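Step one of this worksheet: look at the structure below.
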Number of protein chains: 4
Amino acid sequence: MIKIDSRSSKPIYEQIIEKIKEDILKGILKPGDKLPSVRELSSMITINPNTISKAYKELERMKVIEVMRGKGTFVAQNYKPVMNEEKMNEMKEHIKKIIIEAHYIGVSKDDLIEIMNEIYKEF
Amino acid sequence: MIKIDSRSSKPIYEQIIEKIKEDILKGILKPGDKLPSVRELSSMITINPNTISKAYKELERMKVIEVMRGKGTFVAQNYKPVMNEEKMNEMKEHIKKIIIEAHYIGVSKDDLIEIMNEIYKEF
Amino acid sequence: MIKIDSRSSKPIYEQIIEKIKEDILKGILKPGDKLPSVRELSSMITINPNTISKAYKELERMKVIEVMRGKGTFVAQNYKPVMNEEKMNEMKEHIKKIIIEAHYIGVSKDDLIEIMNEIYKEF
Amino acid sequence: MIKIDSRSSKPIYEQIIEKIKEDILKGILKPGDKLPSVRELSSMITINPNTISKAYKELERMKVIEVMRGKGTFVAQNYKPVMNEEKMNEMKEHIKKIIIEAHYIGVSKDDLIEIMNEIYKEF
DNA sequence: GTGGTCTAGACCACA
DNA sequence: GTGGTCTAGACCACA
């Protein structure tokens with residue numbers, strides 16, 4: 001189930017994208033599984049259908065989910081990681097930012113790796 | 001020197017904040033060092049003074065820099081890491097997001113730690 | 001045999017129309033050949049009968065196939081190309097679009113003609 | 001100037017995308033040129049800003065245009081053709097469709113190449 | 001002023 | 001019922 005945090009500064013459509021990706025990673029959603037339709041999910045979490053649609057479109061673009069005409073939307077059967085220099089640099093930027101932030105709240109390198117290990121255990 | 005990428009999706013004021021924090025962490029800027037004034041930096045990097053001002057205000061709020069009335073702006077003398085649950089959770093959220101993204105571009109846990117180590121070497 | 005790609009953004013009824021036209025052009029289907037009934041084709045390719053029906057109606061309207069009441073549906077005996085300014089303009093629009101797309105994926109004019117020649121060989 | 005054909009079955013945002021790509025190809029728009037803002041173009045062609053925005057976002061995704069924070073939207077400085085198997089196959093599908101259509105309106109291979117040459121002259 | 005997000009609601013093609 | 005397109009309009013962060 002998707003929980004939206006309306007207090008979060010993270011856009012709703014991004015929260016949806018991340019949650020679905022997370023659920024796939026955790027195996028809660030498996031390749032071939034049917035996702036709720038835009039309207040279904042919309043009424044389930046009382047978010048405007050356009051917002052759901054935006055999230056689904058983005059996930060489709062990333063080839064994480066696929067729309068089967070007349071059948072609905074499904075978790076992609078064989079997702080292949082799409083790696084390119086741009087995405088790699090983006091990720092490095094994010095990591096760098098975290099490392100800086102960590103330092104400023106007093107979290108050392110070892111602490112950070114420890115935290116990462118903890119989070120990896122969830123998956 | 002601060003390089004602004006106006007093509008980036010990251011807000012300019014955030015780029016400035018991050019760059020200054022990074023320079024402090026790397027020792028390029030040391031406690032007590034004088035920062036250029038808002039106007040100076042504004043003309044140096046041809047960015048709207050309001051944007052510079054916003055970055056400085058934010059850095060001041062975080063106690064990373066200090067304004068000495070009539071003298072200018074300086075790197076704080078004794079920065080003390082401010083840790084609280086909220087900031088910790090925020091950081092964990094960011095890490096979780098990175099871990100998910102990493103997976104979707106085909107970067108394994110070991111790769112990720114490797115990349116983190118690389119970035120830590122810069123500091 | 002008609003293969004439907006339900007992942008495609010192309011509507012199913014259009015895929016059917018195109019495939020039948022293609023088969024006629026290739027000589028796999030010849031004038032006078034009997035086509036499967038709507039129900040037959042529907043169960044053959046597990047597609048909603050309404051969708052098959054829509055494709056057949058469209059092909060009939062184009063005079064590519066003919067319905068003989070009580071006997072079934074057949075490839076038209078003497079198809080006469082129907083040319084008019086509107087169809088011509090439509091085709092030109094499509095070609096223009098392809099030329100633009102080709103350029104943006106780095107396909108030159110010569111490449112494009114080469115590709116066209118290749119495809120013509122299939123027919 | 002962008003002319004929208006509201007009678008066309010082609011979505012408005014696609015018409016905008018194609019027109020801008022066409023103008024760049026023809027040299028009417030050059031790398032670095034500023035595009036009208038979403039609101040400007042919106043009032044120029046009396047189309048809802050959301051629709052313009054959708055077209056711009058798509059063009060940005062394709063790296064045909066780029067948004068410079070606080071400065072506006074510009075034709076990308078150095079567009080690099082993005083080629084991949086998927087796009088190639090898509091183009092081939094389109095060409096195949098045109099070849100079939102051409103045949104059914106009585107346009108021969110030579111005619112088709114002739115028409116293509118004509119259109120290439122516009123660019 | 002600039003684009004980004006979100007809602008509400010309408011209409012349509014497709015299956 | 002399903003997603004796609006479009007409009008109108010609000011609110012916000014950023015520069």
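Here is the naming used below: chain letters follow the sequence lines, and residue numbers restart at 1 for every chain. Please read these numbers as outputs of a predicted model, since none were measured by experiment.
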- prompt: CD of A:Glu14 versus P of E:dT5: gap in Å, rounded?
  reply: 7 Å
query: Are OP1 or OP2 of E:dC6 and a side-chain N or O of A:Lys54 less than 4.0 angstrom apart?
result: no
- prompt: Counting N and O atoms only, with roles assigned by atom type, does the side chain of D:Tyr79 sit under 3.5 Å from a partner on the main chain of C:Tyr104, one being a donor and the other an acceptor?
  reply: yes
Check: A:Arg69 side chain, F:dG3 base, donor-acceptor under 3.5 Å: no
message: Quick check against the 3.5 Å criterion: does B:Ser42 have a side-chain atom that pairs as donor or acceptor with the backbone of B:Ile47?
response: yes
message: Under 4.0 Å from OP1 or OP2 of F:dT2: is there any side-chain N or O of A:Ser37 that close?
response: yes
task: Starting from C1' on F:dG3, measure out to CZ on A:Phe74 and report it in whole angstrom.
output: 13 Å
task: Tell me which of D:Glu60 and C:Ile12 sits closer to the 5' end of DNA chain E, going by the nucleotide each one is nearest to.
output: D:Glu60
statement: Atom NZ of C:Lys10 and atom C1' of E:dA13 are separated, to the nearest Å, by 17 Å
Integer-rounded Å distance: F:dA15 P and B:Asp5 CG: 12 Å
query: Would you call C:Glu22-C:Lys19 a salt bridge at under 4.0 Å N-O?
result: no
statement: Stems of at least 3 consecutive Watson-Crick or G-U wobble pairs (donor-acceptor distances under 3.5 Å) involving DNA chain E, listed by first number, are E:1-14 with F:1-14
task: Classify the side chain of D:Asn48 and the base of F:dA8 as holding, or not holding, a donor-acceptor pair under 3.5 Å.
output: yes
message: Under 4.0 Å from OP1 or OP2 of E:dA15: is there any side-chain N or O of C:Tyr13 that close?
response: no
- prompt: Whole-Å distance between E:dC14 P and C:Lys57 NZ?
  reply: 14 Å
message: If I take atom CZ in residue C:Arg7 and atom P in nucleotide F:dG3, what distance separates them, rounded to the nearest angstrom?
response: 16 Å
query: Between D:Lys34 and D:Glu40, is there a side-chain N and carboxylate O pair less than 4.0 Å apart?
result: no
- request: Mind checking D:Tyr56 for me? I need base, sugar-phosphate or nothing, with any heavy atom below 4.0 Å counting as a touch.
  value: nothing
query: Please give, in whole Å, the distance from F:dA15 C1' to D:Lys71 NZ?
result: 11 Å
field: DNA chain F: 5'-proximal contact among A:Asn50 and A:Val67 (nearest heavy atom)
entry: A:Val67
- prompt: Nearest nucleotide by nearest heavy atom, which residue falls closer to the 5' end of DNA chain F, A:Glu40 or D:Thr51?
  reply: A:Glu40
field: Basic-acidic side-chain contact under 4.0 Å: B:Glu58, B:Arg61
entry: yes
task: Pick base, sugar-phosphate or nothing for C:Ile47, based on heavy-atom distances below 4.0 Å to the nucleic acid.
output: nothing
message: Could you tell me how far apart A:Ile65 (CD1) and F:dT2 (P) are, to the nearest whole angstrom?
response: 15 Å
message: Using side-chain heavy atoms (C-beta onward) and a distance below 4.5 Å, is B:Tyr56 in contact with B:Val67?
response: no
field: SB check B:Glu18 B:Lys21 (cutoff 4.0 Å)
entry: no
message: Using a strict threshold of under 4.0 Å (side-chain N to carboxylate O), is an ion pair present between B:Glu14 and A:Lys97?
response: yes
